[in-house]
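Just below is one structure, and these are the notes that go with it.
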Amino acid sequence: MTISLLGAGEIREIAESLELHPAKSLGQNFVIDSNTCQKIVRLAVVNQGDHVVEIGPGIGSLTLALLQATDKVTAIEIDERLAQQLPITALSHGVPKGHLQIINDDAMKVFDIPGTPTKLVANLPYNVSVPVLLSMLERFPTITSGVVMVQTEVAERLAARPGSKTYGVPSAKAAWWTDMILADSVSRSVFWPVPNVDSSLVKFIRHEPLGDETLRRITFDLIDRAFGQRRKMLRAIYSDIYGGSGSAETALASAGIDPTSRGESLSVEKFAAIAKQLDRR
Ligand code: SAM
């Protein structure tokens with residue numbers, strides 16, 4: 001049986017029947033253009049055999065497009081009304097039972113997904129997009145790639161390289177697990193309601209781990225410290241860790257890092273080099 005996609009009219013009808021007034025606090029801007037959903041699925045290269053995790057399926061426009069490409073989707077939705085409606089919508093659009101698994105919860109609180117998820121594809125709730133994305137990468141190492149739609153400003157930060165103006169904590173942390181690529185921009189007109197920010201698609205591919213969990217935690221602490229005081233030099237920022245700026249200078253130099261540099265010029269590999277040296281002490 002073929003799976004049909006949702007149109008703008010039906011999305012509004014479902015919202016009306018649920019008496020749903022899209023909530024800004026939950027980032028509820030629904031995609032009402034099926035071409036955009038199919039484009040996202042193509043960009044994510046979803047194939048049969050993939051187990052896709054979608055955060056915030058909403059009314060289900062992207063969910064149905066995903067289910068056209070694979071028979072295994074897990075959708076995590078915080079809004080109870082939407083989580084209850086989604087299986088009904090899926091069934092009426094030709095999705096066979098068992099292809100869609102729904103978790104009605106806050107994605108930040110989900111530590112277990114039955115099965116082995118392989119891809120993450122989502123139009124993320126904008127207010128929590130970075131923490132949700134980073135926690136998914138941390139908790140589910142079997143997710144090897146994905147595509148997320150986020151606010152353009154956030155997309156640029158996620159994909160930024162060291163030395164660029166937009167490079168910061170999200171860029172350095174996301175790079176611990178993945179290569180992030182700014183893939184495309186998305187018109188405001190494909191959403192209902194129309195958001196007051198621009199949106200873009202980011203594609204990611206997981207690379208070999210840079211180290212174990214202990215090293216990651218130390219590295220992330222170094223990243224947080226470095227960007228918490230962007231203007232200071234690293235030898236000053238890390239002086240309390242090393243017990244003085246003189247010792248910090250020596251230690252940084254022996255890890256191959258210029259002690260007078262600032263966090264914004266350091267790749268995650270360089271933060272990890274400092275972390276390795278700290279871990280050995
Ligand atoms: N995927 C749908 C689409 O493209 O039309 C909806 C995307 S909308 C930008 C974000 C969705 O995430 C909403 O359905 C909202 O209820 C849900 N949401 C918001 N915060 C969430 C959270 N912490 N965990 C899970 N879902 C969340």
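First listed ligand is number 1; within each ligand, the first listed atom is number 1. Each residue takes its place number in the sequence, starting with 1.
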**Request:** Indicate yes or no for a side-chain donor-acceptor contact from Glu264 to the backbone of Gly163 under 3.5 Å, with no hydrogens or angles considered.
**Result:** no
**Asked** Which residue and non-hydrogen atom of the protein lie closest to atom 5 (O) of ligand 1, and at what distance in Å?
**Response** Val31 N, 2.8 Å
**Asked** Nearest protein heavy atom to atom 4 (O) of ligand 1, by residue and atom, and its distance?
**Response** Asn123 ND2, 2.8 Å
**Item:** Numbered atoms and elements of ligand 1 in range of Ile76, under 4.0 angstrom, heavy atoms
**Value:** 25 (C), 26 (N)
**Asked** Taking non-hydrogen atoms only, is Pro57 closer than 4.0 angstrom to ligand 1 via side chain, backbone, both or neither?
**Response** backbone
**Prompt:** Mind checking whether Leu62 has a heavy atom under 4.0 Å from ligand 1?
**Reply:** no
**Request:** Before accepting this row, confirm whether a basic side-chain N of the pair Asp50/Lys72 lies closer than 4.0 Å to the acidic partner's carboxylate O.
**Result:** no
**Fill in**
With heavy atoms and a 4.0 Å threshold, my read on which part of Leu82 contacts ligand 1 is side chain
**Asked** Honestly curious: do Val197 and Leu201 fall in one hydrophobic cluster under the side-chain, below-4.5 Å linking rule?
**Response** yes
**Request:** Using a strict 4.0 Å threshold on nitrogen-to-oxygen distance, state whether Glu213 and Arg217 make a salt bridge.
**Result:** yes
**Fill in**
Between the NZ atom in Lys173 and the CD atom in Glu138, the distance rounded to the nearest 0.5 Å is 9.5 Å
**Message:** Quick check on contacts: which atoms of ligand 1 are under 4.0 angstrom from a heavy atom of Asp106?
**Reply:** 22 (C), 23 (N), 24 (N)
**Close approach, Met149 and ligand 1, non-hydrogen under 4.0 angstrom** = no
**Item:** Residue from Ile14, Val95, Ile59, Thr63 passing side-chain contact (heavy atoms from CB on, under 4.5 Å) with Thr89
**Value:** Ile14
**Closest protein heavy atom to atom 26 (N) of ligand 1, given as residue, atom name and distance to 0.1 Å** = Ile78 N, 3.3 Å
**Prompt:** Can you find a non-hydrogen atom of Asp105 under 4.0 Å from ligand 1?
**Reply:** yes
**Prompt:** For Pro125 and ligand 1, does the shortest N/O to N/O distance drop below 3.5 Å?
**Reply:** no
**Item:** Atom pair CD (Gln151) and CG (Leu158), whose distance is rounded to the nearest 0.5 Å
**Value:** 11.0 Å
**Message:** If hydrophobic residues (ILVMFWY) are linked whenever their side-chain heavy atoms come closer than 4.5 Å, directly or via other members, who joins Val45 in its cluster?
**Reply:** none
**Fill in**
Counting from 1 in the order shown, the ligand 1 atoms closer than 4.0 Å to a non-hydrogen atom of Glu54 are 1 (N)
**Request:** State the atoms of ligand 1, each with its element, that fall below the 4.0 Å cut-off from a heavy-atom position in Phe30.
**Result:** 5 (O), 6 (C), 14 (O)
**Request:** Provide, to 0.1 Å, the distance between atom 24 (N) of ligand 1 and the closest protein heavy atom, together with that atom's residue and name.
**Result:** Ala107 N, 2.9 Å
**Prompt:** If you round to the nearest 0.5 Å, how far is CG of Leu26 from CD of Gln28?
**Reply:** 4.5 Å
**Item:** Heteroatom distance test (Gly56, ligand 1): nitrogen or oxygen, under 3.5 angstrom
**Value:** yes
**Request:** Please state whether Glu77 comes within less than 4.0 angstrom of ligand 1, counting heavy atoms only.
**Result:** yes
**Identity of the nearest option to atom 8 (S) of ligand 1, non-hydrogen atoms only, from Gly27, Ala75, Ser199** = Gly27
**Asked** Quick check: does Asn29 get an N/O under 3.5 Å from an N/O on ligand 1?
**Response** no
**Fill in**
Ranked by distance from atom 19 (C) of ligand 1, the top protein heavy atom is Leu26 O, 3.1 Å
**Message:** Taking 4.0 angstrom as the limit and counting only heavy atoms of Gln28, give me the atoms of ligand 1 inside it, by number and element.
**Reply:** 13 (C), 15 (C), 16 (O)
**Request:** Give me the ring orientation class for Phe227 and Phe271: parallel if the planes are under 30° apart, tilted from 30 to 60°, perpendicular past 60°.
**Result:** tilted
**Request:** Take Lys203 and Asp184 through the salt bridge (Lys or Arg N to Asp or Glu O under 4.0 Å) test and state the conclusion after the steps.
**Result:** CA-CA 9 Å; Lys203 181 169 176 150; Asp184 211 345; over 6 Å; no
**Request:** May I ask you to check if Arg216 and Phe220 form a cation-pi contact, with NZ or CZ under 6.0 angstrom from the six-membered ring centre and within 45° of the axis?
**Result:** yes
